[in-house]
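Taking it in order: structure first as structure tokens, then the write-up.
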Amino acid sequence: MSHLDFSNCNPNGNTTHEWEYGTYEFDEQNLSSANSTTEESSTNDNEYIPGTFEGPEKTLEVIYKAGIGAPNGLRNMTRDQLDTLCTAAKCTILSVASTDYLDAYVLSESSLFVYEYRLIMKTCGTTTLLRCLSTLFEYSDKLDMQLSWVGYSRKNFLFPSAQLWPHVNFGEEMRYIEQHEALQQRLRGDGHILGPVTGDHWFVYVAEGSPVASKTATPMASRSPAVLSASTSTGDFSQAERSGSATPTSDNHTDEEDTERRARTKPVPSRSLYRAPTINTAALAQAAQERAGTYRTVNLMMFDMHPDVAATFFQGTNGLTGKQMTAKAGIQELCPGAYVDEAAFTPCGYSMNAVKDNEYSTIHITPEAECSYCSFETNAQLEDYAPLVRKVLATFRPQRFVLTMFGDDTAIDNLTRLPTQNRTYGDIDQLDGVYQRSSSTCTNLESQRQHCVMACYSYLPFDPLPLPVATPLFAPVVAPLRADVADKCAEGLHKAMTGCDLSECQLLNETEDDEEQKEMIQ
């Protein structure tokens, strides 16, 4: 295995722009750009359009120290408690699928994954994800759990003016955490911006948990799981949160509009739809230990799906169920062997969770042309993610996508190459072109021993076969070569000069590293 070195991620190149609250005030509202994806642009290119939907998700991940607290940890939370968390975030639970490792909930806006010592919640639209964090801490404190780490991330919004407080901009989100009376003593973290601020970029906040407000931990064997009442938390907020700039600024758009536009057609089940067969507890513990310290997630945020693909997810037009959409789109092939729990929305939209052992994959689709978006995320631990990335791209055929990876030191070091190192993604079924990388960014979070990487790609079709051009006799024909013809010429020339096939050459193949990315591998 090769070691990946992030020492070349410096602020002078195409790398991380660090945002330090209190030192440098990053004002998204004053950014101006010709790119329509810039959040809070002063040109107001992204004024909210009625009937559109904000597809890119907000993601919250909370990790607790293993072995401390009630047996089964966060999985002791009752359905009422989970409903309370979702209410604070302005979403609802539609269904649940469980394995011995996790409970995976499909939400009205994305997904929730609950492990023993880890919780991941993803919400789209105009949800208020951060507002459930204090309630989660209240529940985990009563389970005698000890907070270890919190991460919050999201891409820049397409329609930032439509968001509800505190998600009106990244600065306000950071203020919410630092001023909340139940959060300010628990979290000590930093905000980061990955990617060009004039284009697609990724906001990341990471914090180590402080034991200031935690209960004194006692041995696991000395207690039984606590049963909590959902009424113990009302979702109220401090006076500081309700004053000054904390006033909601999106009166022109409400979550009721989203609910009306995409009425949820899947009933809320009273019990789990799926439960994996119980396995040997000793094998379970061994597998958990082997996978500890190698946790990483990969996320593709795809925009402008091919119209033929997008048409699959309009239930109001085609009448397909969620399971039929899964089959028609070939989604099951992206997570072989996993159980898929899906939901179709009316008039359009699709969500699914796939679970297998301790791994999950999740897909969320907003197919409207005005806000076409599809996301794919997985925590599957693969040696090489490039084949999976190609399968996902072949399935949805977007015009552009943002690829991110988040993981701890060990997880990243175990990779031979990062998926963002590919300068291009080609050889994709049903596509006569390649995805070319336009930017790549990475940052090393030293105190948390974590790495974030991000790259943006756009689709470039191959040149069409040129039309014949009349030329004088014996005059050379000068015309651009079609891409496949040029590739064959290059293969013949390369073999003649080096004696080896071009496809086998590690220095000149499709995933050729640029000089900067080569230096990342030791």
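The figures that follow rest on heavy atoms only: side chains count, while hydrogens, waters and symmetry mates do not. Bear in mind the structure is a predicted one, so any value in this text is a computation, not a measurement.
- A salt bridge does not link K58 with E173: none of the charged nitrogens is closer than 4.0 Å to a carboxylate oxygen.
- Looking at T128, its side chain does come within 3.5 Å of a backbone N or O of A88 through a donor-acceptor pair.
- Residue T123 comes nearest to C91 through the heavy atom pair CG2-SG, 4.2 Å, listed as atom of the first residue, atom of the second, then distance.
- E377 and T362 are not linked by any side-chain donor-acceptor pair at a separation below 3.5 angstrom, with hydrogens and angles left out of the test.
- Checked options L388, V392, T378, V402; the residue passing with L300 is V392 (criterion: side chain to side chain contact (heavy atoms under 4.5 Å, CB included)).
- Between Y459 and H306, the closest side-chain pair of non-hydrogen atoms is not below 4.5 Å.
- In the model, T326 has a side-chain atom that pairs as donor or acceptor with a side-chain atom of E342 under 3.5 Å.
- A donor-acceptor pair under 3.5 Å is absent between the side-chain atoms of R296 and the main chain of I412, judged by distance alone.
- Nearest approach of L60 to V150, heavy atoms of both residues: CD1-CG1, 4.1 Å.
- Counting only heavy atoms from C-beta outward, the side chains of S361 and F376 approach each other to under 4.5 Å.
- The aromatic rings of Y176 and W165 sit perpendicular, their planes meeting at an angle over 60°, well past the 30° parallel limit.
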* **Step-by-step side chain to side chain donor-acceptor pair (under 3.5 Å) determination, E57 to Y373** => CA-CA 10 Å; E57 301 90 350; Y373 174 77; 2.9 Å; yes
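- Of the inter-residue distances, the one linking Y435 atom OH with C456 atom SG reads 14.0 Å to the nearest 0.5 angstrom.
- At least one side-chain heavy atom of C335 sits less than 4.5 Å from a side-chain heavy atom of M352.
- Of the possible donor and acceptor atoms, one in the side chain of H201 sits under 3.5 Å from a partner among the backbone N and O of G199.
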Can L147 and L187 be said to form a side chain to side chain contact (heavy atoms under 4.5 Å, CB included), step by step?
CA-CA 9 Å; L147 183 64; L187 301 176; 3.9 Å; yes
- Derivation and outcome, side chain to side chain contact (heavy atoms under 4.5 Å, CB included), residues H364 and C124: CA-CA 9 Å; H364 304 285; C124 57; 5.8 Å; no
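- Taking the six-membered ring where the residue is Trp, the centroids of F406 and W149 are separated by under 6.0 Å.
- Between the side chains of Y117 and Q146, no donor-acceptor pair is found at a separation under 3.5 Å.
- What you find for F345 and L107 is that their closest heavy atoms are CZ-O, 4.2 Å.
- Atom NE2 of residue H451 and atom CG of residue D413 lie 5.5 Å apart, to the nearest 0.5 angstrom.
- For the atom pair L158 CG and S372 OG, the distance stands at 11.0 Å (nearest 0.5 Å).
- In this structure, the side chain of T99 engages the main chain of Y101 through a donor-acceptor pair within 3.5 Å.
- A donor-acceptor pair is defined here as one N or O able to donate and one able to accept, closer than 3.5 Å; such a pair exists between the side chain of E54 and the backbone of F159.
- Note on ring orientation: taking the six-membered ring where Trp is involved, the planes of Y425 and Y457 are perpendicular (angle over 60°, cut-offs 30° and 60°).
- L112 places a side-chain heavy atom less than 4.5 Å from the side chain of L119.
- Here the side chain of E172 pairs no donor or acceptor atom with the backbone of N169 at under 3.5 angstrom.
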**Request:** Go through T92 and C86 one step at a time and tell me if the side chain to side chain contact (heavy atoms under 4.5 Å, CB included) criterion holds.
**Result:** CA-CA 6 Å; T92 58; C86 291; 5.7 Å; no
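- The CD atom of Q81 sits 10.5 Å away from atom OG1 of T135, with the distance rounded to the nearest 0.5 Å.
- Contact annotation: the side chain of I363 approaches that of F396 to within less than 4.5 Å [non-hydrogen atoms, C-beta and beyond].
- Here the shortest heavy-atom pairing between A89 and M121 reads CB-CE, 4.0 Å.
- Rounded to the nearest 0.5 Å, atoms CE (M302) and CG (L403) are 10.0 Å apart.
- Two residues are said to be in side-chain contact when any heavy atoms from C-beta on lie closer than 4.5 Å; L74 and S140 meet this criterion.
- Checking side-chain atoms of Q163 against main-chain N and O of G125 turns up a donor-acceptor pair under 3.5 Å.
- Put simply, CD on E208 and CD1 on I63 are 11.5 Å apart, with the number rounded to the nearest 0.5 Å.
- In terms of modelled atom types and a separation under 3.5 Å, the side chain of N353 and the main chain of Y105 share a donor-acceptor contact.
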>> Between M305 and I365, is the side chain to side chain contact (heavy atoms under 4.5 Å, CB included) condition met? List the steps.
In response: CA-CA 10 Å; M305 287 179 291; I365 297 174; 3.6 Å; yes
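- Side-chain contact between L133 and V62 is present, with at least one heavy-atom pair separated by less than 4.5 Å.
- For the residue pair K90 / T127, no side-chain donor-acceptor distance below 3.5 Å is found, with atom types taken as modelled.
- A cation-pi contact, defined as under 6.0 Å to the ring centre and within 45° of the axis, links R118 to Y295.
- Between M405 and L415, some side-chain heavy-atom pair lies under the 4.5 Å cut-off.
- Looking only at atom types and distance, the side chain of N379 has no donor-acceptor partner in the side chain of T297 under 3.5 Å away.
- The heavy-atom pair separating G349 from M325 by the smallest distance is O-SD, 4.4 Å.
- Minimum interatomic distance between R186 and A182 (heavy atoms only, all atoms of both residues): CG-O, 3.4 Å.
- Judged purely by atom type and a 3.5 angstrom limit, Y152 has no side-chain atom pairing as donor or acceptor with the backbone of L129.
- No donor-acceptor contact under 3.5 angstrom links the side chains of S438 and S458, judged on distance only.
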